[in-house]
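Labels below follow one simple rule: chain letters A, B, ... track the order of the sequence lines, proteins then strands, and each chain is numbered from 1.
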Protein chains: 2
Amino acid sequence: MAPNRPTIKDVAALAGVSKSLVSLAMRGSDRVSAESRAAIIEAAAQLGYRPNAAARSLADRRSHTLGVVVLDLLNPIYAEIIDGVQGEVRQHGYHTMLVTGNDNPVIEQGEVEKLLEFQVEGLVLIGHRMPAGSLDAIAGDCPAVVISRAERGIAGLDSISNDDVSGARMAVDHLVSLGHRSIAHVTGGGNEVALLRKFGYEQSMTDHGLAEQIACYEGAFTDEGGYRGAAAALDSDRGHTALFVANDIAAVGALAAVADRALNVPTDVSIVGYDGMALASLRSLSITTIAQPLARIGSEGAGLLFLRIGDPTRPPAHIGVEPRLIVRNSSGACHT
Amino acid sequence: MAPNRPTIKDVAALAGVSKSLVSLAMRGSDRVSAESRAAIIEAAAQLGYRPNAAARSLADRRSHTLGVVVLDLLNPIYAEIIDGVQGEVRQHGYHTMLVTGNDNPVIEQGEVEKLLEFQVEGLVLIGHRMPAGSLDAIAGDCPAVVISRAERGIAGLDSISNDDVSGARMAVDHLVSLGHRSIAHVTGGGNEVALLRKFGYEQSMTDHGLAEQIACYEGAFTDEGGYRGAAAALDSDRGHTALFVANDIAAVGALAAVADRALNVPTDVSIVGYDGMALASLRSLSITTIAQPLARIGSEGAGLLFLRIGDPTRPPAHIGVEPRLIVRNSSGACHT
DNA sequence: ACGATTTGTTGGAACGTTCCAACACTTTCG
DNA sequence: CGAAAGTGTTGGAACGTTCCAACAAATCGT
């Protein structure tokens with residue numbers, strides 16, 4: 001609107017000093033006399049001066065900006081992670097460019113490319129869909145961290161995720177402690193995370209001497225998938241009294257399958273989900289779940305990235321965080 | 001990692017042409033001979049050249065970037081709106097810097113300031129918390145659009161939102177058509193949107209000759225608020241057979257209140273929510289709702305912004321979009 | 001009292017692009 | 001055949017910052 005935005009030069013002219021001094025003052029250097037500083041601040045305020053971040057980043061070759069790529073904003077667990085990332089980033093005085101891949105690898109690639117053009121100093125990938133090759137290439141170009149997935153041994157790339165195997169074991173332990181023996185698992189499909197959770201379930205069942213009770217029903221990380229898997233489990237003749245469902249959304253679907261059969265939760269069948277999304281705590285759902293510390297995963301992930309920015313040659317690190325059991329109304333003692 | 005990123009000069013040297021020509025070629029000008037173009041592309045690929053967006057935006061004084069400020073990422077309806085915005089923005093070849101206000105006006109202000117330093121060409125405010133004064137100031141500085149709230153008459157500022165009054169009327173109409181007469185309203189608190197919905201409810205009730213049946217119970221746009229309001233409604237002696245709840249999250253809470261009293265939905269009491277968030281469609285909730293076209297609101301909002309960027313002097317516009325009724329299992333015929 | 005330090009301040013060169021006026025060559029065509 | 005129009009290319013100036021070497025003025029230590 002203003003005919004032309006004021007620049008550092010205009011401020012200098014009005015304050016009667018050189019542009020260099022204005023530059024120093026704006027960044028709060030202590031080598032500026034009180035008088036000059038006052039004059040400069042006054043002039044800047046009067047003109048409505050705002051530093052130009054593009055020029056700044058060009059001149060000192062640092063953008064003070066991080067790129068955050070998230071698979072899909074609609075997934076509430078990612079939103080909670082992002083909140084953690086943003087907090088940490090703000091603390092470091094950095095900024096954030098957030099883009100979505102829309103669950104589409106091609107778009108995702110393009111967005112990453114754009115972020116790199118913006119000279120972001122680091123990349124946070126939340127639930128990416130990148131083929132291993134390009135992940136490698138990116139990490140070679142720019143410090144990066146992968147959140148909520150374990151990547152090991154790629155140079156320049158750190159990662160952080162919750163320990164899915166151990167979380168799945170907690171779910172089974174909890175159900176066993178309530179007296180359940182015929183505990184079925186509704187899977188989350190063929191992806192890595194789902195397989196880890198399934199593995200943890202099988203391990204824990206075996207450890208409890210329930211190996212022959214192991215029963216997996218094919219599901220997915222969706223309402224629909226959970227419904228389908230739970231339906232199959234309930235309609236089987238194995239008399240399952242408890243269901244460990246691969247994630248919370250699917251657990252919501254499982255709840256519906258139980259209701260459709262005029263059974264009650266948790267009296268007839270107990271349900272445990274995974275993720276600890278806020279939604280699972282709503283009183284009409286009240287799902288017992290294995291909660292990931294989502295915000296912490298976000299902030300520690302960002303922390304990892306800042307470490308790498310500080311020392312780009314450090315060896316790749318992976319942090320595994322422990323999930324924790326939150327007991328709600330969807331699980332209860334076994335009555336049979 | 002590379003000692004120094006290659007610049008346009010390096011590409012020029014390798015291809016044996018001037019930097020100006022490389023600049024032209026990179027932007028796909030047709031004034032470049034086929035030979036030169038080939039040589040340049042080859043050289044760029046070989047060096048892994050990537051244009052520097054900061055330098056570009058400095059030189060042509062356009063950032064090709066929009067700032068998006070969202071009140072709170074955790075609210076799923078905002079996530080759906082953002083998706084719409086991003087789609088539209090991508091179509092225009094622009095980029096997006098997304099920041100959150102964390103529901104905190106001070107942080108929100110700071111983030112907006114940063115976006116302006118980045119020379120964003122426009123601002124999308126989704127559910128802001130800005131005092132009217134600073135909104136004014138911002139709009140004077142930079143084209144802006146407010147999404148999901150109606151702002152009228154501020155120069156340089158457009159807005160788009162669904163028509164809450166008309167949506168609330170639809171909810172009541174639906175319930176009346178099912179035979180309900182004692183229809184209560186669980187409010188969403190004192191905010192503008194909640195008041196509009198309440199107003200629509202009262203209007204429609206009056207239009208149907210049910211003025212003396214009007215009954216509002218204090219709630220909020222939360223699970224807890226919906227539970228509280230619905231509890232009060234159900235415990236009253238007015239025999240309400242239907243509840244119009246101010247938004248979907250609150251409707252989920254209302255569902256719990258009904259269940260706690262050993263009543264059934266929709267046999268004993270019908271429930272209608274508002275917003276049309278994806279969550280309301282989960283089969284174990286299956287809430288009848290007044291759905292806002294969230295993605296469309298996002299993309300049309302962004303469209304408005306592009307119009308204003310094209311012509312900064314156009315008079316402020318407001319778009320009201322019609323919500324629509326989605327009937328699910330939480331509403332049914334009145335049985336009393 | 002005089003060089004050494006400290007305290008403020010300065011102009012100019014970067015940073016990596018885009019734009020522009022200018023150029024050398026073709027080609028067109030009246 | 002010569003002027004006009006087109007085609008491809010170029011170097012240099014700009015964009016708004018930060019950095020650096022240099023400097024003038026004030027203060028210090030002996």
Using only heavy-atom distances, determine whether the side chains of [X] and [Y] contain a donor-acceptor pair under 3.5 Å.
X      : Y      : answer
A:T65  : A:E121 : no
A:S33  : A:R37  : no
A:H95  : B:E117 : no
A:E88  : A:Y94  : no
B:H318 : B:S159 : yes
A:S23  : A:R27  : yes

Using the six-membered ring wherever Trp is involved, compare the ring planes of B:H92 and B:F306 and label them parallel, tilted or perpendicular (cut-offs 30° and 60°).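 Correct class here is parallel.
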Partners passing side chain to side chain contact (heavy atoms under 4.5 Å, CB included) against A:I107 (at least two apart in sequence or in another chain):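 A:I107 satisfies side chain to side chain contact (heavy atoms under 4.5 Å, CB included) with A:N102, A:N104, A:E111, B:R90 only.
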Using the closest heavy atom to pick a nucleotide of DNA chain C for each, name whichever of A:E35 or A:L58 lands nearer the 5' end.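 Nearer the 5' end of the strand: A:E35.
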Contact nearer the 5' end of DNA chain C, comparing A:V32 with B:R56: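 Checking each residue's closest nucleotide, the 5'-ward one belongs to A:V32.
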Members of residues 16-31 of chain A that approach DNA chain D, where some heavy atom sits under 4.0 Å away: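 Those residues whose heavy atoms fall under 4.0 Å from DNA chain D, taken from residues 16-31 of chain A in numerical order, are A:K19, A:S20, A:S23, A:R27.
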So which one's nearest nucleotide on DNA chain D is more toward 5', B:A59 or B:S36?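 This one resolves to B:S36.
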With DNA chain D as reference, determine whether B:A34 or B:D60 sits nearer its 5' end, using the nearest nucleotide of each.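 With B:A34 and B:D60 compared, the 5'-side residue is B:A34.
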First contact, last contact: which nucleotides of DNA chain C are these for chain B, 5' to 3', heavy-atom distance under 4.0 Å?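 Nucleotide range with atoms under 4.0 Å of chain B: C:dG16 to C:dC19.
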